[in-house]
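What follows is a set of notes on a single structure, which appears directly below.
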Amino acid sequence: TTRNSYYFKKCKNPQTWKQMESLVREGHVVELRRRLCSRMTFGTAGLRAEMSAGFACINDLTVIQSTQGMYKYLAKYVPDLKTRGLVVGFDTRAQTSSGCTSERLARLTAAVMLCKDVPVYLFSTYVPTPFVPYAVMKYGAAAGVMITASHNRKEDNGYKVYWHNGAQISSPHDKEILRCIEESSEPWPGSWNEDLVESSRLRRDPLEDVCRSYMEELNTICFHRELNTMSPLKFVHSSFHGVGHNYVQRAFQQFGFPPPIPVPEQKDPDPDFSTVSCPNPEEGESVLELSLRLAEREEARIVVATDPDADRLAVAEQNDNCGWKVFTGNELAALLGWWMLFNWKEAHPDPADTERVYMLATTVSSKILKAFARIEGFHFEETLPGFKWIGNRIHELTKTGKEVIFSFEESIGFLCGNMVLDKDGVSTAAVVAEMAAYLHTKNLSMNQQLINIYEIYGYHISRTSYVICNDPPTIHRIFSRLRNSGGSGVYPESCGDYCITHIRDVTTGYDSSQPDKKCVLPLSRNSQMVTFTFQNGIVATLRTSGTEPKIKYYTEFCAAPGERDISSLEEELRKVTAALVEEFLEPEKNNLLHRSV
């Protein structure tokens with residue numbers, strides 16, 4: 001009751017106010033408790049939740065409270081906050097029932113800072129997520145906020161925070177900001193004043209400046225512009241009803257290509273994502289249907305699809321037999337890693353230069369870059385899942401004179417070079433086009449080149465999927481059972497017919513392969529993640545998603561260079577994956593929903 005009345009008193013949005021009133025009137029106690037008795041926490045991509053009334057949701061009030069907490073934290077740790085300012089961007093999400101739009105939430109974020117005399121670089125229209133960290137670094141801003149839920153379902157939105165190094169915030173900033181949010185829950189008089197965005201002299205629109213600068217800086221990862229201008233290849237681009245269309249068109253032109261052919265039904269923003277069952281291009285051929293059909297009509301061999309906030313990229317290529325190959329994130333990373341290294345070596349013929357080169361990947365992603373590094377002599381490092389870990393590691397390495405030329409996470413998140421410290425679908429789309437154009441001059445498709453890469457560095461065959469679980473206690477029970485399957489604190493020794501040789505649990509910090517049994521990777525207590533290494537060489541990981549109600553599973557077989565009996569490797573991987581899901585997740589018993597797309 002206290003929380004109800006507090007919410008009613010503080011919320012000035014009539015639509016979310018009515019939602020809450022309706023729940024109270026109809027006596028939905030469990031739902032009221034869910035919405036009012038907990039707050040959002042920072043996951044792998046900031047705060048993310050449904051747009052709705054309540055403290056556990058994204059709405060005007062919680063965004064104001066989050067920004068007030070941000071201000072309090074920044075004022076304490078950034079002495080020159082009032083000269084450096086804050087960057088604010090937004091995507092195209094909107095919801096009629098709650099009155100929430102990404103643009104409105106961005107304006108409220110700006111108002112909170114402006115009412116405290118903090119300069120704000122607020123984009124005047126929707127932008128790709130990578131533009132926010134890019135602008136943070138360009139202007140030397142204290143921090144950045146992007147209002148987006150990326151590829152989540154249409155009901156969701158989010159609040160993604162970047163630190164002044166241009167990378168997403170990680171510990172301890174996230175926990176300290178949450179504490180400051182708790183202490184700043186009373187909205188300030190000026191926090192609701194959206195009009196400050198128009199009237200304040202401290203508000204700047206960075207759109208044209210950032211767009212021009214970003215497009216010019218793409219030249220640092222464009223290696224064959226002249227060749228691109230002559231390429232006969234045609235490309236189709238889908239922006240998945242999001243922000244990507246204009247920016248991908250310009251990036252292609254910057255690389256010397258004609259603009260890609262847009263999918264007309266999907267090029268303009270549509271917060272209902274009305275032509276796709278789910279706004280995530282990672283789901284593959286079923287959600288790329290319109291793109292593939294258009295490409296066939298236009299005789300375009302390659303499709304690129306950015307997700308709604310344009311930080312991730314899916315790619316498909318037409319095979320000679322007229323079918324389509326939709327590359328997985330791991331396969332595309334093998335190609336892009338090869339491409340970035342190939343061009344780096346062309347520009348740096350002295351092998352000694354390779355000593356300062358790095359590539360990075362999250363620990364659940366393919367180990368193909370590790371195989372590259374072993375043979376080519378550069379450095380490879382793994383991070384925890386989430387690009388925030390990659391971005392912060394790039395920042396650290398760059399400070400010591402190292403050069404990170406490629407980074408990725410298997411969920412189609414890529415960064416070629418280091419012009420932003422987050423994944424970037426816009427720049428990657430142009431890089432993929434250039435790589436395809438170059439390979440075409442050698443009479444190679446991207447799929448043929450992928451096979452060449454595997455022949456040299458060893459086949460890396462992986463399977464990645466997920467189950468949906470909307471009940472947090474069930475998730476906790478599943479992972480608790482894993483940790484105590486042979487008695488208290490005793491992990492399983494086998495799965496199906498397959499013997500487990502090592503176990504790493506980054507939630508608890510345990511790693512059986514280390515002499516001191518301690519994880520090398522940092523602890524991640526707020527999420528579940530356990531990795532199993534099998535006697536046959538397969539590595540499997542189970543983890544909870546940081547942005548959605550999913551348990552993800554990843555398996556990979558890394559063959560030695562020259563090993564060619566792929567069908568038996570694939571069959572072995574299929575069996576281990578099936579055993580992992582059935583025995584460790586128990587989908588029937590736990591009412592888990594299998595991937596439906």
* Would you call the rings of Phe406 and Phe408 parallel, tilted or perpendicular, where under 30° means parallel and over 60° means perpendicular? -> parallel

* Asked: For Glu317 and Met446, which heavy atoms make the closest approach, and how far apart are they?
  -> OE2-N, 2.7 Å

* Asked: Counting only heavy atoms not in Glu588, do more than 12 sit closer than 6.0 Å to its CD atom?
  -> no

* Between the side chains of Ser465 and Tyr554, does any donor sit under 3.5 Å from an acceptor? -> no

* To do: Give the minimum heavy-atom separation between Ala295 and Val303, together with the two atoms involved.
  => CB-CG2, 3.7 Å

* To do: May I ask you to check if Lys552 and Tyr466 form a cation-pi contact, with NZ or CZ under 6.0 angstrom from the six-membered ring centre and within 45° of the axis?
  => no

* Kindly indicate whether the side chain of Leu74, heavy atoms from C-beta on, has any atom under 4.5 Å from the side chain of Met113. => yes

* pair Asp60-Leu105: side-chain heavy atoms closer than 4.5 Å -> yes

* **Any side-chain heavy-atom pair of Val145 and Val132 under 4.5 Å** => no

* Asked: Do the side chain of Asn590 and the main chain of Leu585 share a donor and acceptor less than 3.5 angstrom apart?
  -> yes

* Between the side chains of Thr41 and Asn526, does any donor sit under 3.5 Å from an acceptor? -> no

* Electrostatic pair Glu572:Lys575 at N-O distance under 4.0 angstrom -> no

* To do: Could you point out which residue of Lys370, Lys367, Arg393 forms a salt bridge (charged side-chain N to carboxylate O under 4.0 Å, His left out) with Glu382?
  => Lys367

* To do: Please check if atom CZ in Arg525 has more than 12 non-hydrogen atoms from other residues, nucleotides or ligands closer than 6.0 Å.
  => no

* To do: Answer with yes or no whether the side chains of Ser238 and Gln266 bring together a donor and an acceptor at under 3.5 Å.
  => yes

* Salt bridge Arg179-Glu182, side-chain N to carboxylate O under 4.0 Å -> no

* Do Asn157 and Ser102 meet the criterion of a side-chain donor-acceptor pair at a distance under 3.5 Å? -> yes

* How about Asn280 and Arg153: does a side-chain donor come under 3.5 Å of a side-chain acceptor? -> no

* To do: Quick one: sort the His173 and Tyr73 rings into parallel, tilted or perpendicular, breaks at 30° and 60°.
  => perpendicular

* To do: Compute whether any side-chain donor of one residue and acceptor of the other, for Gln95 and Ser98, lie under 3.5 angstrom apart.
  => yes

* Go through Tyr510 and Val530 one step at a time and tell me if the side chain to side chain contact (heavy atoms under 4.5 Å, CB included) criterion holds. => CA-CA 9 Å; Tyr510 172 75; Val530 184; over 6 Å; no

* **Derivation and outcome, ring pair (Phe, Tyr, Trp, His ring centres under 6.0 Å), residues Phe532 and Tyr491** => CA-CA 10 Å; Phe532 307 90; Tyr491 292 83; 7.7 Å; no

* To do: Compare all side-chain heavy atoms of Asp511 with those of Asp505 and state whether any distance is below 4.5 angstrom.
  => no

* Asked: Can you tell me if Ser274 and Asp270 form a side-chain donor-acceptor pair at under 3.5 Å?
  -> yes

* Do Lys160 and Asp311 sit within salt-bridge range, that is, some charged N less than 4.0 Å from a carboxylate O? -> yes

* Scan side-chain atoms only and decide if Thr555 and Thr577 contain a donor-acceptor pair under the 3.5 Å cut-off. => yes

* **Heavy-atom pair of closest approach, residues Val431 and Leu336** => CG1-CD2, 3.8 Å

* To do: Verify side chain to side chain contact (heavy atoms under 4.5 Å, CB included) between Gln168 and Val161, making sure each step is shown before the conclusion.
  => CA-CA 6 Å; Gln168 279 183 67; Val161 180; over 6 Å; no

* Would you call Arg463 and Glu570 a salt bridge, using N to O less than 4.0 angstrom? -> no

* To do: For Asn470 and Pro472, work out which heavy atoms get closest and say how close.
  => O-CD, 3.5 Å

* State whether the number of non-hydrogen atoms from other residues, nucleotides or ligands found under 6.0 Å of His28 atom NE2 is greater than 12. => yes

* To do: Tell me yes or no: between the side chains of Thr363 and Arg504, is some donor less than 3.5 Å from an acceptor?
  => yes

* **Backbone N/O of Ser185 and side chain of Gln65: donor-acceptor pair under 3.5 Å** => yes

* To do: Compare all side-chain heavy atoms of Leu415 with those of Ile394 and state whether any distance is below 4.5 angstrom.
  => yes

* **Partner of Glu409 by salt bridge (charged side-chain N to carboxylate O under 4.0 Å, His left out), out of Lys423, Lys388, Arg312** => Lys423

* Asked: What's the verdict on side chain to side chain contact (heavy atoms under 4.5 Å, CB included) for Thr16 and Met51, showing C-alpha distance, side-chain angles and the deciding distance?
  -> CA-CA 9 Å; Thr16 47; Met51 289 180 275; over 6 Å; no

* Side-chain donor-acceptor contact under 3.5 Å, Ser150 with Asp309 -> yes

* Result of checking Glu50, Arg93, Arg48 against Asn152 for side chain to side chain donor-acceptor pair (under 3.5 Å) -> Arg48

* Decide whether Arg35 and Ser52 meet the rule of one side-chain donor and one side-chain acceptor closer than 3.5 Å. => yes

* Asked: When you look at Tyr553 and Phe584, which way does the ring pair (Phe, Tyr, Trp, His ring centres under 6.0 Å) test go after all the steps?
  -> CA-CA 11 Å; Tyr553 54 92; Phe584 288 176; over 10 Å; no

* Asked: Parallel, tilted or perpendicular for Tyr214 and Tyr134, by the 30°/60° rule?
  -> perpendicular

* Where do Asn330 and Ser462 land on the side chain to side chain donor-acceptor pair (under 3.5 Å) test, with the steps shown first? -> CA-CA 8 Å; Asn330 286 330; Ser462 56; 3.0 Å; yes

* **Heavy-atom pair of closest approach, residues Val127 and Phe123** => CG1-CD2, 3.6 Å

* Are Asp91 and Thr148 close enough that a side-chain donor and a side-chain acceptor fall under 3.5 Å? -> yes

* To do: For residues Ile468 and Arg595, determine if any side-chain heavy atom of one lies less than 4.5 Å from a side-chain heavy atom of the other.
  => no

* Look at the side chain of Glu410 and the backbone N and O of Thr464, then say whether any donor-acceptor pair between them is shorter than 3.5 Å. => no

* Identify the two heavy atoms, one from Pro187 and one from Ile64, that lie closest to each other, and give their separation to 0.1 Å. => CB-CG2, 4.2 Å

